[in-house]
Amino acid sequence: QVQLVESGGGSVQAGGSLRLSCAASGDTGTSYYMGWFRQDPGKEHEGVAAIDRDGTTSHTDSVKGRFTISKDNAKNILYLQMNSLKPEDTNMYFCAAGPLGRVRSASPLKPWEYIYWGQGTQVTVSS
(Lines give C-alpha, C1' and ligand atoms only; values in the text may rest on other atoms or scores of the structure.)
Protein backbone atom coordinates (compact mmCIF):
# COMPACT_ATOMS: atom_id res chain seq x y z
CA GLN A 1 0.00 0.00 0.00
CA VAL A 2 1.10 3.54 -0.76
CA GLN A 3 -0.33 6.73 0.75
CA LEU A 4 0.01 10.00 -1.16
CA VAL A 5 -0.38 13.55 0.17
CA GLU A 6 -0.18 16.56 -2.14
CA SER A 7 0.77 20.10 -1.19
CA GLY A 8 1.86 23.33 -2.82
CA GLY A 9 -1.32 24.42 -4.55
CA GLY A 10 -2.55 27.99 -4.36
CA SER A 11 -3.61 31.06 -6.28
CA VAL A 12 -1.30 32.87 -8.68
CA GLN A 13 -1.57 35.31 -11.54
CA ALA A 14 -1.06 34.24 -15.13
CA GLY A 15 2.63 33.88 -15.91
CA GLY A 16 3.46 32.89 -12.36
CA SER A 17 4.89 29.64 -10.98
CA LEU A 18 4.00 27.01 -8.42
CA ARG A 19 5.68 23.79 -7.31
CA LEU A 20 3.46 20.94 -6.26
CA SER A 21 4.79 18.22 -3.97
CA CYS A 22 3.49 14.74 -3.29
CA ALA A 23 4.82 12.89 -0.26
CA ALA A 24 4.62 9.10 -0.53
CA SER A 25 4.53 6.79 2.48
CA GLY A 26 3.94 3.09 3.02
CA ASP A 27 5.57 0.56 0.68
CA THR A 28 7.85 3.20 -0.84
CA GLY A 29 10.74 0.74 -1.12
CA THR A 30 8.93 -1.01 -3.98
CA SER A 31 9.36 0.35 -7.48
CA TYR A 32 6.42 1.96 -9.22
CA TYR A 33 5.74 4.78 -11.62
CA MET A 34 4.02 8.02 -10.58
CA GLY A 35 2.11 10.82 -12.22
CA TRP A 36 0.25 14.07 -11.88
CA PHE A 37 -3.32 14.43 -13.07
CA ARG A 38 -5.93 17.17 -13.03
CA GLN A 39 -9.67 16.86 -13.10
CA ASP A 40 -12.61 19.09 -13.91
CA PRO A 41 -15.73 18.24 -11.87
CA GLY A 42 -17.64 15.42 -13.52
CA LYS A 43 -14.88 14.63 -15.98
CA GLU A 44 -12.17 11.99 -16.20
CA HIS A 45 -8.73 12.67 -14.76
CA GLU A 46 -6.44 14.27 -17.37
CA GLY A 47 -2.82 13.10 -17.34
CA VAL A 48 -0.41 16.01 -16.93
CA ALA A 49 2.97 14.34 -16.42
CA ALA A 50 4.42 11.00 -15.39
CA ILE A 51 7.76 9.52 -14.38
CA ASP A 52 8.85 5.89 -14.26
CA ARG A 53 11.24 4.16 -11.88
CA ASP A 54 14.22 4.93 -14.10
CA GLY A 55 13.40 8.63 -14.41
CA THR A 56 11.88 8.61 -17.89
CA THR A 57 9.25 11.34 -18.07
CA SER A 58 6.14 12.08 -20.12
CA HIS A 59 4.28 15.40 -20.32
CA THR A 60 1.02 16.13 -22.04
CA ASP A 61 1.34 18.49 -25.00
CA SER A 62 -0.44 21.43 -23.36
CA VAL A 63 2.19 21.66 -20.60
CA LYS A 64 5.39 20.79 -22.48
CA GLY A 65 8.01 23.48 -21.98
CA ARG A 66 6.13 24.87 -18.96
CA PHE A 67 5.74 22.00 -16.47
CA THR A 68 8.41 19.56 -15.29
CA ILE A 69 7.89 16.40 -13.27
CA SER A 70 10.68 15.13 -11.03
CA LYS A 71 11.13 12.76 -8.11
CA ASP A 72 13.40 12.70 -5.09
CA ASN A 73 13.78 8.97 -4.51
CA ALA A 74 15.64 9.43 -1.23
CA LYS A 75 12.82 11.49 0.26
CA ASN A 76 9.98 9.71 -1.60
CA ILE A 77 8.62 13.03 -2.87
CA LEU A 78 7.19 13.67 -6.32
CA TYR A 79 7.27 17.22 -7.68
CA LEU A 80 5.58 19.17 -10.43
CA GLN A 81 7.25 22.48 -11.25
CA MET A 82 4.71 24.65 -13.04
CA ASN A 83 5.95 27.78 -14.81
CA SER A 84 4.23 30.25 -17.14
CA LEU A 85 0.89 29.30 -15.67
CA LYS A 86 -2.25 30.07 -17.66
CA PRO A 87 -5.86 30.50 -16.49
CA GLU A 88 -6.71 27.23 -18.25
CA ASP A 89 -4.33 25.43 -15.88
CA THR A 90 -6.80 26.15 -13.07
CA ASN A 91 -7.88 22.80 -11.67
CA MET A 92 -7.56 20.28 -8.86
CA TYR A 93 -4.24 18.45 -9.23
CA PHE A 94 -3.80 14.86 -8.05
CA CYS A 95 -0.75 12.72 -7.47
CA ALA A 96 -1.01 9.03 -8.38
CA ALA A 97 1.09 5.88 -8.24
CA GLY A 98 0.98 2.68 -10.25
CA PRO A 99 0.92 -0.88 -8.97
CA LEU A 100 3.77 -1.88 -6.68
CA GLY A 101 6.55 -3.68 -8.51
CA ARG A 102 5.61 -2.27 -11.91
CA VAL A 103 8.34 0.14 -12.97
CA ARG A 104 6.72 1.72 -16.04
CA SER A 105 3.51 1.94 -18.01
CA ALA A 106 2.91 1.80 -21.74
CA SER A 107 0.30 4.56 -21.25
CA PRO A 108 1.66 6.64 -18.36
CA LEU A 109 -0.80 9.53 -18.81
CA LYS A 110 -3.90 7.35 -18.63
CA PRO A 111 -5.68 7.34 -15.24
CA TRP A 112 -6.58 3.63 -15.43
CA GLU A 113 -2.89 2.79 -15.18
CA TYR A 114 -2.83 4.04 -11.57
CA ILE A 115 -4.25 2.53 -8.42
CA TYR A 116 -3.12 4.88 -5.63
CA TRP A 117 -4.38 8.45 -5.52
CA GLY A 118 -3.93 11.46 -3.28
CA GLN A 119 -6.69 13.84 -2.18
CA GLY A 120 -5.64 16.64 -4.51
CA THR A 121 -4.46 20.22 -4.23
CA GLN A 122 -6.19 23.19 -5.86
CA VAL A 123 -4.38 25.41 -8.35
CA THR A 124 -6.06 28.66 -9.39
CA VAL A 125 -4.57 30.95 -12.04
CA SER A 126 -6.12 34.37 -12.53
CA SER A 127 -5.79 36.48 -15.67
Side-chain angles (χ1 to χ4, degrees):
Q1 294 291 323
V2 175
Q3 294 79 45
L4 304 171
V5 179
E6 304 95 335
S7 62
S11 298
V12 296
Q13 290 191 325
S17 297
L18 284 172
R19 188 176 77 161
L20 305 184
S21 299
C22 172
S25 60
D27 292 329
T28 56
T30 305
S31 298
Y32 46 85
Y33 51 88
M34 299 186 73
W36 286 100
F37 290 78
R38 56 192 181 189
Q39 184 185 33
D40 287 322
K43 294 188 177 181
E44 186 179 79
H45 286 93
E46 174 194 10
V48 176
I51 186 167
D52 69 17
R53 192 274 309 270
D54 299 325
T56 299
T57 62
S58 303
H59 296 78
T60 194
D61 287 346
S62 63
V63 308
K64 284 180 180 176
R66 300 189 299 122
F67 293 9
T68 303
I69 189 171
S70 62
K71 188 168 182 271
D72 186 327
N73 290 320
K75 296 181 179 179
N76 295 314
I77 299 177
L78 182 72
Y79 299 103
L80 184 67
Q81 179 66 44
M82 304 188 296
N83 299 327
S84 302
L85 281 160
K86 303 176 181 180
E88 52 263 42
D89 295 318
T90 295
N91 221 315
M92 184 72 79
Y93 285 72
F94 297 86
C95 168
L100 301 182
R102 188 172 168 195
V103 302
R104 65 182 57 82
S105 165
S107 301
L109 297 180
K110 298 301 184 182
W112 54 79
E113 292 289 301
Y114 295 80
I115 62 171
Y116 301 106
W117 293 84
Q119 294 300 306
T121 185
Q122 178 67 38
V123 171
T124 303
V125 184
S126 58
S127 58

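All values below were derived from every heavy atom in this structure, side-chain atoms included, with hydrogens, water molecules and symmetry-related copies excluded. When a residue number appears, it is its place in the shown sequence, counting from 1.
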Original post:
Going by heavy atoms in the side chains, are Ser105 and Tyr114 under 4.5 Å from each other?
Top reply: no
Subject >> Check: Leu109 and His59 side chains under 4.5 Å, non-hydrogen atoms >> reply: no
Subject >> Met34 and its side chain to side chain contact (heavy atoms under 4.5 Å, CB included) partner, picked from Val2, Leu4, Ile69, Asp52 >> reply: Leu4
Subject >> Asn91 side chain reached by Val123 side chain, heavy atoms, under 4.5 Å >> reply: no
**OP:** Determine, using the 4.5 Å side-chain heavy-atom cutoff (strictly less than), whether Tyr32 and Phe37 are members of one ILVMFWY cluster.
**Re:** no
**OP:** Take atom CD of Glu88 as the centre, draw a 6.0 Å sphere, and report whether it contains more than 12 heavy atoms from other residues, nucleotides or ligands.
**Re:** yes
Subject >> Single-linkage hydrophobic cluster Val5~Ile115, side-chain heavy atoms < 4.5 angstrom >> reply: no
**OP:** Measure across Glu6 and Cys95 and return the closest heavy-atom pair with its distance rounded to 0.1 Å.
**Re:** OE2-N, 2.8 Å
**OP:** Evaluate the side-chain proximity of Tyr116 to Leu100: yes if any heavy-atom separation is below 4.5 Å, no if none is.
**Re:** yes
**OP:** Give the C-alpha distance, both sets of side-chain angles, the deciding distance and a yes or no for salt bridge (charged side-chain N to carboxylate O under 4.0 Å, His left out) between Lys86 and Asp89.
**Re:** CA-CA 5 Å; Lys86 303 176 181 180; Asp89 295 318; over 6 Å; no
Original post:
Can you name the nearest heavy-atom pair linking Pro108 to Ala50, along with the distance?
Top reply: O-CB, 3.5 Å
Original post:
Nearest heavy-atom pair of Ser62 and Glu46: which atoms, and what distance?
Top reply: OG-OE2, 4.3 Å
Original post:
Got a donor-acceptor contact below 3.5 angstrom from the Thr90 side chain to the Val125 backbone?
Top reply: yes
**OP:** Provide the closest heavy-atom pair for Tyr33 versus Pro99 in the form atom of the first, atom of the second, distance.
**Re:** OH-CD, 3.4 Å
